[in-house]
Amino acid sequence: MRLFIADLLAILCSLFTSCTDLIEYSPFDADVSSQDINLDHIFRIVRNPVADQDTFRFAVFSDVHEGYDDMFDAIKDINRRGDARFIIVNGDITNAGLAQEFEWYARVIPVSENPLVTVIGNHDCLANGLLIYRRMFGNPDRSFVTGNYKLILFNNVILENNLVSPNYEWLREELKGDHYNIIFSHIPPISFDIGSLHRIIYNNIADSTNTRMAIHSSAHEYYEYDYNGIHSLITTTVKEREYCLVEAFRGQFKVSRVKF
Amino acid sequence: MLKIIILFLGFAPLAAQVSDSVDQGRSRLVYYKTQFAGNLGLISAGAGYEFPVRKLWIDMSLGYLPKHVNGVRVFTLSLKPAYKVADFDIKRIESGWYLGTAINYSFGRNIFGSMPDYYPLDYYWPNAFHFNPFAGTRLSLKKDEYKKNKTYFYAELGTVDYEIWFALKNRQVNLVDIFNLGFGIVIRPNLNRDRYYNKESD
């Protein structure tokens with residue numbers, strides 16, 4: 001009997017040590033295996049500046065939710081084309097902001113041959129999602145410069161952040177300077193998620209004088225429009241088997257919808 | 001919330017009363033348990049009742065994931081029915097396989113049983129509830145039925161409702177990705193032991 005118990009304990013111990021992935025404390029746990037993925041990918045973009053400082057092309061898609069296969073296929077298609085310098089995933093990489101969802105999303109990222117930067121979305125802020133995003137991708141408010149362009153990732157989620165105001169002062173500072181600024185924020189300012197007060201604040205900060213383009217998502221539909229003088233784009237969900245290719249040329253932008 | 005905790009705390013003595021009221025042949029229907037992991041927190045503890053047919057049992061436990069483990073504090077209240085599908089005994093070891101599903105309700109930051117008023121109606125499903133189907137096995141030493149408390153060791157292979165959905169929808173999520181393990185101990189006190197000894201002395 002002692003031998004049996006010893007065997008049982010040995011099996012349990014080996015399960016503990018070799019199968020840590022099998023140990024889950026809660027769906028709402030915030031344990032993640034990767035840290036600050038965005039930083040590595042931004043380094044890759046910044047380290048290899050474009051030959052022509054004014055011209056480059058990047059791909060953007062969003063609202064992955066549970067569509068990891070669609071994301072995988074989109075990245076494969078972007079790899080095949082080979083004409084995008086990097087990929088921006090414009091938020092909602094999860095359904096419920098759970099760590100396991102973030103893990104499954106992160107598992108698809110290495111498929112990309114190009115740097116891939118992830119923006120936070122409203123679904124990603126549910127439960128402990130904001131904490132998990134910070135651990136896995138870093139600060140949700142972040143900017144980087146490539147060529148003459150400044151790409152600004154801006155967390156404008158309000159409802160799912162317990163009505164905490166977005167960091168408008170940070171955005172105001174980031175928009176200063178001579179770069180062609182592009183804002184990536186998941187929630188479109190025309191959305192009901194952004195209350196009228198926040199809309200007024202945002203409109204006072206970002207306009208045609210300091211922002212060349214704003215890319216949003218969340219609506220699961222494609223729109224290209226002019227908002228407050230800014231060339232604005234809303235990307236549809238990648239589950240619709242579509243991503244956008246944005247070509248930047250001297251501060252102007254041409255958007256192509258690509259079906260895959 | 002308070003009502004649920006009171007209900008939970010009241011469950012064990014209620015179950016004990018039920019047990020006391022049954023005859024000696026039906027002794028040890030009440031049990032107490034503690035579990036490690038299995039999506040019930042770092043550790044959970046509770047009480048349960050095994051129906052006299054000995055095929056079906058149900059327990060309620062409260063799990064706790066302390067903040068120092070991974071930076072979030074989560075309490076999980078779990079109602080966990082299970083059905084024994086097979087018995088197998090190896091010499092002095094009594095064992096069996098069972099299936100069940102835990103219905104879990106979690107408490108913590110940004111976890112809601114009903115969504116706050118500032119969300120539009122039906123914008124999100126409340127995220128506090130999860131179903132955790134599981135298959136388990138339990139082992140115990142065969143002992144004198146009347147003299148000793150019974151102790152089981154158990155291991156459960158479980159999953160979570162949304163993980164099943166994700167695995168069904170995606171090639172990127174394998175079946176092995178959605179399973180997790182939980183381990184625990186069940187103690188079934190022999191509540192009728194004193195009555196048995198008293199009878200013997202008579």
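The structure displayed is predicted, hence computed values, not measured ones.
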Taking all non-hydrogen atoms of both residues, which atom of [X] and which atom of [Y] are closest, and how far apart?
X	Y	value
B/Ala37	A/Ile23	CB-CG2, 3.8 Å
A/Ala127	B/Arg109	O-NH1, 3.7 Å
A/Arg135	B/Gly71	NH2-CA, 3.7 Å
A/Cys125	B/Asn110	O-ND2, 3.3 Å

(request) Would you confirm whether A/Asp69, through its side chain, and B/Gln172, through its main-chain N or O, come within 3.5 Å as a donor-acceptor pair? (result)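 Side chain of A/Asp69 to backbone of B/Gln172: a pair is present.
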(request) Could you tell me whether a side-chain N or O of B/Asn170 sits under 3.5 Å from a main-chain N or O of A/Tyr68, the two making a donor and an acceptor? (result)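 Such a contact is found between B/Asn170 side chain and A/Tyr68 backbone.
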Nearest 0.5 angstrom please: [X] [atom1] to [Y] [atom2], how far?
X	Y	atom1	atom2	value
B/Met115	A/Leu159	CE	CG	9.5 Å
B/His130	A/Ser26	NE2	OG	8.0 Å
B/Asn127	A/Leu98	CG	CG	7.5 Å
A/Leu22	B/Phe179	CG	CZ	10.0 Å

(request) Count the heavy atoms of every other residue, nucleotide or ligand shown that sit under 6.0 Å from NZ of B/Lys55, and state whether that count exceeds 12. (result)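 Yes, NZ of B/Lys55 has more than 12 neighbouring heavy atoms, counting only those of other groups under 6.0 Å.
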(message) Would you say OH of B/Tyr123 has more than 12 non-hydrogen atoms from neighbouring residues, nucleotides or ligands within 6.0 angstrom?
(response)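 Check passes, neighbour count above 12.
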(request) Using a heavy-atom cutoff of under 4.5 Å, enumerate the residues of residues 95-104 of chain B that contact chain A, numbered in order, or state 'none'. (result)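 From residues 95-104 of chain B, none sit under 4.5 Å of chain A.
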Is [Y] close to [X] at the side-chain level, that is, under 4.5 Å between some pair of heavy atoms?
X	Y	result
A/Phe72	B/Arg171	yes
B/Glu163	A/Glu24	yes
A/Tyr25	B/Phe36	yes
B/Tyr162	A/Gln100	yes

Under a 4.5 Å heavy-atom cut-off, does chain B meet the side chain of [X], its backbone, both or neither?
X	value
A/Asp70	neither
A/Asp73	side chain
A/Ala30	both

(message) For chain A, which candidate among B/Leu42, B/Leu40, B/Val160 shows the most heavy-atom pairs at distances under 4.5 Å?
(response)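 Of the options given, most contacts go to B/Leu42.
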(message) Looking at A/Arg107 and B/Asp177, is any side-chain nitrogen of the basic one under 4.0 Å from a carboxylate oxygen of the acidic one?
(response)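 A/Arg107 and B/Asp177: salt-bridged.
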(request) Assess whether side chain to side chain contact (heavy atoms under 4.5 Å, CB included) is satisfied between B/Val72 and A/Asp29, documenting all intermediate values. (result) CA-CA 6 Å; B/Val72 293; A/Asp29 200 356; 4.0 Å; yes
(message) Checking side-chain polar atoms at under 3.5 Å, does B/Tyr124 have a donor or acceptor matched by the opposite partner on A/Glu160?
(response)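 A donor-acceptor contact under 3.5 Å links the two side chains.
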Which answer fits [X], side chain, backbone, both or neither, if we ask what part of it has an atom under 4.5 Å from a heavy atom of chain A?
X	value
B/Pro120	side chain
B/Trp125	neither
B/Phe166	side chain

(message) I'd like to verify something: which residue of A/Leu130, A/Leu126, A/Leu131, A/Val108 has the highest number of heavy-atom pairs under 4.5 Å with chain B?
(response)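 Greatest number of close heavy-atom pairs with chain B: A/Leu126.
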(message) Assess the residue pair A/Ile158 and B/Tyr118 against the criterion (side chain to side chain contact (heavy atoms under 4.5 Å, CB included)); give the C-alpha distance rounded to whole Å, side-chain angles, the decisive distance to 0.1 Å, and a yes or no.
(response) CA-CA 11 Å; A/Ile158 299 168; B/Tyr118 52 79; over 6 Å; no
(request) For residues B/Phe107 and A/Phe28, establish whether the separation of their ring centroids is below 6.0 Å. (result)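 Ring centres of A/Phe28 and B/Phe107 not closer than 6.0 Å.
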